[in-house]
Structures are given as structure tokens and as C-alpha cells.
Enquirer: 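Here you go, one structure.
The figures here come from the full heavy-atom set of this structure, side chains too, leaving out hydrogens, waters and symmetry mates.
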Amino acid sequence: MICSSLTSIAVIALAGLAQGAPTSNLRSWEEAYAKAEQVVDQMSLEQKVGLTTGIGWEKTLCVGNVHGTEDPYFPSLCLQDGPLGTRFASNNTAGVSGINAAATFDRDLMYRRAEIIGNESRGKGVHIQLGPSVDLIRAPHGGRGWEAFGEDPYLQGVGGYEFVKGVQSQNVIATAKHYILNNQEINRTTSNSVVDERTLREIYVWPYARMVEAGLGSVMCSYNLYEDIYACENDYLLNTVLKEELSFKGFVMSDWGATHSTAPSVNAGLDMTMPGDIIMGDGLSWFGPNLTKAVEDGDVSEERVTDMAMRIAAAHFKVGQDKDFPETSLVSFDRKSEPEVIVTSDEHIKFVRDIGAASVVLLANDGILPVSSDDLQKIAIVGSDAAAPSEHGGLNEVECTDMACNDGTYVMGWGSGSVDFPYIISPTEGITNRAGDSVEVVHTYDDWDTEAAAELASDADIAFVFAKTEAGEEYLMVDGNNDRKNLTLWNNGDNLIQAVADANENTVVVIHSPGPILMPWIDHENIKAVVWPGLPGQETGNSLADVLFGDVNPSGRLPYTIAKKEEDYGAHISTEYNIEYSEKLNIGYRHFDANDIEPLFAFGYGLSYSTFDYGKLKVNTKRGKRDTLATATVFVRNTGDVDGAEVAQAYISFPESAGEPPKVLRGFERVYLKAGQQRKVTFEFTETDLSIYDEESSCWVVPEGEYTVSIGASSRDIRESATFDL
Ligand SMILES: *[C@@H]1O[C@H](CO)[C@@H](O)[C@H](O)[C@H]1NC(C)=O
Ligand SMILES: *[C@@H]1O[C@H](CO)[C@@H](O)[C@H](O)[C@H]1NC(C)=O
Ligand SMILES: *[C@@H]1O[C@H](CO)[C@@H](O)[C@H](O)[C@H]1NC(C)=O
Ligand SMILES: *[C@@H]1O[C@H](CO)[C@@H](O)[C@H](O)[C@H]1NC(C)=O
Ligand SMILES: *[C@@H]1O[C@H](CO)[C@@H](O)[C@H](O)[C@H]1NC(C)=O
């Protein structure tokens, strides 16, 4: 047995990163700490405390600002939501949600998305971007799963890593959240997440470890409790796990209103209180004068306050905000006086359209897709989810707070993770534009008049029927949902689909949903395709049309499992004080594998207009570069007649003695192949990839024995496998 801590694994990866081409002004932590020391050394206790204390809710330009100092100079850092763009901003881009980034299974697209988010944040003068979210989808109903990267920790880790790299390349500090075990909205401030140490690390800490490797600047602790102690005053979570085990060098901020004490929080590792108030808007604070007094009373050491200020200042210098950083131009709480600072661009909009198309998951297709205008005279579009939201129901931020009253097509969830839309290209608009003048497009947006829908659809060459479900953050409630209260479609969706399918034998179903739904109509003989575009943002209609008309060959893959029935899932929303993570390591598809349950659509699944073959898998355990313990190569060939991308996925089965789920994702590669083309795909499995957390020794170990690597097109479509011994 090799016994290594995750810390040493993190350090190895960091050493590798230093060789990469740094973006302008970026510094190593060593250099950043040296710069920070020059400033913080000159600060009084009050000034240091100021750096750690939010000025108060709705008192500043951003959703949070900490105090700056004049002499020595240090700016008042601006903190702004959220994980998909800049909240409370105009002239911005409203791009795809995190869950769509995950559905691309493409590192480069994930990075580029984050780079654009970073670029726009910087353009508005945001120092600290409040993303990424890496809250895993445990229960499929979870209200905020769409902000993050799905049900698998490895995928979350890659999504988080690329987000941090991309945002921080633009001199903006990324914030990983919500640390930790914050996987449902109901009772999020009063519940206690109960999980064993191994599951805590292998599933929930894992993404944070990857983000620390990426140079992560800040972490937001969550509202919930762990071991009956609030996450933001939890010495074990903050000091022991995050700062000691992971060697996290940045700072920890509270979620908004998640601080509950002065000395206990500070001594447990909390470095910044947000937005500063005790109760949001009260103007009081657990930090500020209370923290100064705690030092004077000897409850907190001044050294610790210096450490807090150093961590905050170091993150600022690490991402290079000390040179040419724009003035903050947001006016979050008085939008009418916001200056016109244009951060969007044609390039950003083009990217949103492209990643929107790349994240469309084609769930079913009997060959009806792609369509061609040459073969069509009349297209019927049915369902309010195909319509642009009305001015009062989605686009007007005054009347419709944070996207919680969207009456049209579903493009992003609601809550602090939403941004304002400059415009929305609706599905109807996208399809109509692409279909061209030779095709008649008719529509009805009345979800309740199924007779009218059936009649409209009956004489069209093809009928697209749209339906949705929605979810969002706790402070807003829509028809009894933040976490979804059920997995059925909203607005009469199932009946609408049934009625259209009964009336038209070329029915294509399009679902916008933050997560899995139930599909009672899936076996209807007239339903010829099912399309799953996720939450695509402002270019939704164009992205969709690109796929429907075959301009883009779909390659999106499900970042979560869609089950046949609700009871099949391994975790559900709990309303108890103790939320028992009793599925342990068997989150998501691992539960379906471990219990031999056939999903409706498996994790990693998605169709293409082409077909792909896999062959000649070879594995060797000769040590590769750095800490690689095994390497697998496989040939993937496009055997169809359409160019397109395939997402090859690598799953590892550990030696039986390791007590792991049947298989776990440990690699993926989206490869673009022209028709007939073949390419070799290489997967490297590092010590980290092949380690488990051993509770007895409290360290990460690589179990000895026989491993299986399974390569395939989804978690349930394994094409090649091979074994190796370690
Ligand atoms: C910037 O945003 C404002 C507010 O939404 C809008 O009125 C204005 O037209 C935008 N400017 C441009 C150039 O799009
Ligand atoms: C954003 O990116 C564009 C294009 O690369 C660049 O011209 C612009 O300066 C960037 N904005 C900021 C604020 O860095
Ligand atoms: C300090 O904290 C106490 C709670 O212990 C609170 O009542 C008081 O208002 C705080 N002081 C300031 C100045 O915020
Ligand atoms: C599920 O929730 C939606 C949205 O709140 C609601 O409209 C629908 O009636 C619910 N379905 C069932 C079967 O309870
Ligand atoms: C959780 O929420 C439910 C309903 O929203 C409520 O009845 C219950 O008391 C809450 N439990 C806790 C521990 O807050």
C-alpha cells in the first residue's frame, strides 16, 4: 500500500501547472503572499479587520464589498454572483448554466465558458466572482443542481477546475461553493448533513481538491450544519480538511448570512463574513468592531486576523488585480443608475450559441432528425416552453426577480445564480429562422388546450412539442417548488405531449429541465425523437435549431441519470433535521449499478447523427509522466457518414477489497471525427484517480489488486474493457 495524503497529490499537480503559460499578471501563491505581506504588514488591527468584514447588504455597488484601506492602499473588493455570469448587470451575456457545461463533457468548452464569465466580470469591475458551484446532484429534485456539474464527483472536479482556471485567467478570483454538503434547498439553514468521512472526501471534497490544484482563490462555506456545527464555524471542515489536508491558501467567506458567531467562526477558519450583517440588512456584524474586541479580549489572536487579511490580500495579488483593474461599474441595487459598460460581444454570443448546441443531449431518434427544409412544408410548434418569456414573465428584472416567474421557454434556473437576459431567441424564433421562407411554421402556446394543440399538429409534416420543469434557490418559491416537489412536467406537459403524439406521427419532444423528469409517454409510437437541451441561455432557439437541422451533430451527454421511476433514485430530499447521506459512495449512476437498476437514460448517455466504434484497448501500468500509474489507449472510429464528436468515457472498477461502487468515472475525452476517421484516445490514471480514502489511517491509498478499466459511450454502454494490477 502506498500511503499518501491528498495534500501531497495536490502539490504534485500544482508543480506541473507552474510550467503552463500563465495569463498576464498571474502569480504563484509564494509571490502573492510576498506582495500581500508588504501591504498587510503596514495595516492596523482595524484595517485588517476591515478587509474581512462586509460593508452590509444593499449598501454597496455589489452583492458584497469588504472595506478597503487608504494608507496603505488596498481596494474595497467587489463580490458578485454568480456561477453563470454577472448578476444585476446589463450589457452582459446570459450564457449556458453549469449543468450544460457539464453536458458537453469537453474541458476546452468548460474553460472557454469560464474565461468569458471572467472577462465580463472583470469588465464590470468584479474582483470576486461567486462561482463555480460544485454542489452535486444527490436527489434529482435538488433546486440548485443546474448551477453545477451533475451527479459525479470526477465530472464536478473537472468542471470546477476549468472554471477556476478560466475565471482566474481574467484576473478575477473564483469562489468555490457551497462548502459543503449543501445538496438541497429545503431547510438548508437548519439541517445537519450526516455523512461518513470517506464519502465526505471521495464524493464531496473531491471537487474542492481539484480546484485547489487549479489555484482557487476563495471558498464559500454553506448554510447547513455538519456534526451539529454550522459549516461556517466548523473547525474540522475549514481548518482540518480544507486548509490542512488540501493546503488551501486562499480565503473562506460565509454564504450570505451564514455566519453565527465571532470567535468560534474565526478560530474555526472563517476569513470573511458576507455581506457583513448579522441578519441581512441590520447593519450589525459578527466581525467589524466585534472582531476587534475579540482580539482585545484575547478570544482571537491578532496573528489569526493577520492570517485572514493575508489570505484575502494574497488571493487578490495572485490573480493580478493590482494592475489596470477596471473600476466597479455595477449598481446592483439601483439598476436605473447603472452606467452603460458593454461587456458582451459578438464573440461571446457566438460562443453561447455554440456551447448551447454542444450541450444538447439527443435522447432518442428513430432517424427523423436532423430535418431538412427541403422535405418540409409545414412545422407545428406546441407548448409555452417554445415561446419567448413575456415582458412581465422573465425578462423584466423589476417585475420578475431573479428569473422566478418565467412564463416562456426555460433558459436558466432562478435565484442568485441567475443573470438578466439582454434578449432571448426563443425556440420558435430559432426554428422559424432556420426553416426559411419555404416552410410554414404554426404554433400554439396554450398548454391546457390539448384539443387545439392536437388539431394544429395533425396536418403538419412534423410536430415539435415543448415542455419544461423548473427549479431554483430557496428564497424564492414557485408553485411550492425550489427543490422540485415532484419529477413530473409542469403546465400539463405530459397531457400535451400525449395529445400531440396522438395527432401527429412525426412528433419530436423537446424538454427543458434543470434535472431528470418522468416520461410516461416515452414508448408512444409516434414520438420519433426526444431532445434535451438543458438550460441554454439567451441563444437557446439558435442552438436548438443548429442541432435539429443538422448544422451541428449532437454530442451532449447526460451529466445525471434519468430513471424510469422516482423510487429508483438512491437519494431523496429530506425534511428531517439530520439529512442522512445513506447512499454513501453510491451517488447517481453508482446506485443504479450497485443495485442493478435499469435507468431510462444512463449517466453519460447521448446520441449522435453518426455512429462510433471502439477498438484495440490497451492498458499499461508503466509509470508515465508525473504521478500516472496506468495509461489506457483506445481507438475510436466514426463509422457513420456524418462528421461529429464522440465522448469516450473511462470508468474504473477498483479491486473488490477497496469497497468502491461497481465503477466510477475517471476520464472522458470529446473527440471530433470526420466520417470514416479514426483516432487514438489516451486516458491517464493518476495516483489521485486510483486512490480511495482509508478511514483507518486517515489517508488516501492506492489499493493493491486487480483494476478494470471500461471504456464506452455511456455508463451503460461499455465497448471495451481490460484489467491491470497495481
Ligand atoms: C445596455 O443596457 C441597457 C439596459 O438594459 C440598454 O438600454 C442599452 O440599450 C444597452 N446598450 C447596448 C449598446 O446594447
Ligand atoms: C475581454 O475580452 C476581449 C476580447 O479578448 C478584450 O478585448 C477585452 O479587453 C476583455 N475585457 C476585459 C475587461 O479584460
Ligand atoms: C456584536 O455582536 C453582538 C452579538 O453578540 C450584537 O448584538 C452586536 O450588535 C454586535 N455589535 C456590532 C457593532 O455589530
Ligand atoms: C408537480 O409539480 C408541478 C409544479 O409545481 C405541479 O404543477 C404538478 O401538478 C405536480 N404534479 C403532481 C403529479 O403532483
Ligand atoms: C424542514 O422543512 C419542513 C417543511 O418545509 C418543516 O416541516 C420541518 O420542520 C423542517 N425541519 C427542520 C429541521 O428545519
Enquirer: Please walk me through it: do K318 and E30 pass salt bridge (Lys or Arg N to Asp or Glu O under 4.0 Å)?
Expert: CA-CA 9 Å; K318 177 170 170 45; E30 289 71 20; over 6 Å; no
Enquirer: Restricting to non-hydrogen atoms, name the atom on M253 and the atom on S218 that form the minimum distance, rounded to 0.1 Å.
Expert: CE-OG, 3.6 Å
Enquirer: Tell me, do L51 and T69 make a side-chain contact under 4.5 Å, heavy atoms counted?
Expert: yes
Enquirer: Show every side-chain hydrogen bond (donor to acceptor under 3.5 Å, both in side chains) that has at least one partner inside residues 98-109, sequence neighbours left out.
Expert: N100-S359, D106-R670, R107-Y154
Enquirer: So, taking the atom named CG in L476 and the one named CD in E185, what distance separates them when rounded to the nearest 0.5 Å?
Expert: 10.5 Å
Enquirer: Would a distance-only check, ignoring hydrogens and angles, find a side-chain to backbone donor-acceptor pair under 3.5 Å from Y423 to E539?
Expert: no
Enquirer: Under 4.5 Å between any side-chain heavy atoms of M403 and F421, yes or no?
Expert: yes
Enquirer: Any side-chain heavy atom of L45 within less than 4.5 Å of one from T292?
Expert: yes
Enquirer: Could you check W414 against N406 for side chain to side chain contact (heavy atoms under 4.5 Å, CB included), going step by step and ending with a plain yes or no?
Expert: CA-CA 9 Å; W414 71 75; N406 178 351; over 6 Å; no
Enquirer: So, do E669 and V647 sit near enough that their side-chain heavy atoms are less than 4.5 Å apart?
Expert: no
Enquirer: I'd like to know if the side chain of T86 pairs up with that of Q80 as donor and acceptor (distance under 3.5 Å, no hydrogens or angles considered).
Expert: no
Enquirer: Please confirm whether R666 makes a cation-pi placement over W206, using NZ or CZ under 6.0 Å from the six-membered ring centre and within 45° of the ring normal.
Expert: yes
Enquirer: Which is it for K350 and D354 under the salt bridge (Lys or Arg N to Asp or Glu O under 4.0 Å) test, yes or no, and what are the steps along the way?
Expert: CA-CA 6 Å; K350 166 88 166 60; D354 291 348; 2.7 Å; yes
Enquirer: Heavy-atom distance under 4.5 Å between the side chains of C78 and I128, does that happen here?
Expert: no
Enquirer: Report, as yes or no, whether the 6.0 Å neighbourhood of atom CD1 on I279 holds more than 12 heavy atoms from other residues, nucleotides or ligands.
Expert: no
Enquirer: Answer yes or no: does atom CG of D334 have more than 12 heavy-atom neighbours from other residues, nucleotides or ligands under 6.0 Å?
Expert: yes
Enquirer: Centre of W29's six-membered ring, under 6.0 Å away, within 45 degrees of the axis: is that where NZ or CZ of R27 sits?
Expert: no
Enquirer: Can you name the closest pair of heavy atoms from C221 and L238 and give their distance?
Expert: CB-CD2, 4.3 Å
Enquirer: Is it true that R87 and S418 share a donor-acceptor pair across their side chains at a distance under 3.5 Å?
Expert: no
Enquirer: Go through the steps to decide whether T93 and E120 satisfy the test side chain to side chain donor-acceptor pair (under 3.5 Å), and finish with yes or no.
Expert: CA-CA 8 Å; T93 314; E120 296 200 359; 2.4 Å; yes
Enquirer: Please say whether more than 12 non-hydrogen atoms of neighbouring residues, nucleotides or ligands are located less than 6.0 Å from CD in E58.
Expert: yes
Enquirer: Test side chain to side chain contact (heavy atoms under 4.5 Å, CB included) on N25 and V319; report intermediate values, then the result.
Expert: CA-CA 7 Å; N25 306 350; V319 302; over 6 Å; no
Enquirer: Does K243 pair with D235 as a salt bridge, N-O distance under 4.0 Å?
Expert: no
Enquirer: What orientation do Y208 and Y179 show, parallel under 30°, tilted 30 to 60°, or perpendicular over 60°?
Expert: perpendicular
Enquirer: With rounding to the nearest 0.5 Å, note down the distance linking CZ in R557 to CZ in F105.
Expert: 8.5 Å
Enquirer: Yes or no on side chain to side chain contact (heavy atoms under 4.5 Å, CB included) for V66 and M274, after CA distance, side-chain angles and deciding distance?
Expert: CA-CA 8 Å; V66 285; M274 270 296 141; 3.5 Å; yes
Enquirer: Between Q156, H178, K177, which is the residue that forms a side-chain hydrogen bond (donor to acceptor under 3.5 Å, both in side chains) with D135?
Expert: H178
Enquirer: Could you walk me through whether Y475 and N482 pass the side chain to side chain donor-acceptor pair (under 3.5 Å) test, one step at a time?
Expert: CA-CA 8 Å; Y475 68 92; N482 33 58; over 6 Å; no
Enquirer: If I take atom CE from residue M310 and atom CG from residue D41, how far apart are they, to the nearest 0.5 angstrom?
Expert: 7.5 Å
Enquirer: Does a side-chain heavy-atom distance below 4.5 Å link L181 with N224?
Expert: yes
Enquirer: Any ring-ring contact (aromatic ring centres under 6.0 Å, His included) pairs touching residues 72-97, not counting sequence neighbours?
Expert: F74-H316, F88-F333
Enquirer: Apply side chain to side chain contact (heavy atoms under 4.5 Å, CB included) to L26 and N171, showing your working.
Expert: CA-CA 7 Å; L26 300 191; N171 314 118; 4.1 Å; yes
Enquirer: Would you call K124-E327 a salt bridge at under 4.0 Å N-O?
Expert: no
Enquirer: How about S543 and D546: does a side-chain donor come under 3.5 Å of a side-chain acceptor?
Expert: no
Enquirer: Within this structure, what is the NE2-CZ distance for the pair H348 and R112, rounded to the nearest 0.5 Å?
Expert: 6.0 Å
Enquirer: Between P132 and P83, is there a side-chain heavy-atom distance shorter than 4.5 Å?
Expert: no
Enquirer: Keeping the roles fixed (side chain from S97, backbone from M412), state whether a donor-acceptor pair exists under 3.5 Å.
Expert: no
Enquirer: In sequence, state the C-alpha distance, the side-chain angles, and the governing distance for N91 and T344, and then conclude on side chain to side chain donor-acceptor pair (under 3.5 Å).
Expert: CA-CA 6 Å; N91 312 115; T344 188; over 6 Å; no
Enquirer: So do L291 and M308 actually touch side chain to side chain, heavy atoms under 4.5 Å?
Expert: yes
Enquirer: Let me see the working for E162 and K165 under salt bridge (Lys or Arg N to Asp or Glu O under 4.0 Å), right down to the final yes or no.
Expert: CA-CA 5 Å; E162 299 300 342; K165 297 287 281 184; over 6 Å; no
Enquirer: With rounding to the nearest 0.5 angstrom, report the OG to OH distance, S193 to Y204.
Expert: 9.0 Å
Enquirer: Regarding D483 and R144, does a basic nitrogen lie under 4.0 Å from an acidic carboxylate oxygen?
Expert: no
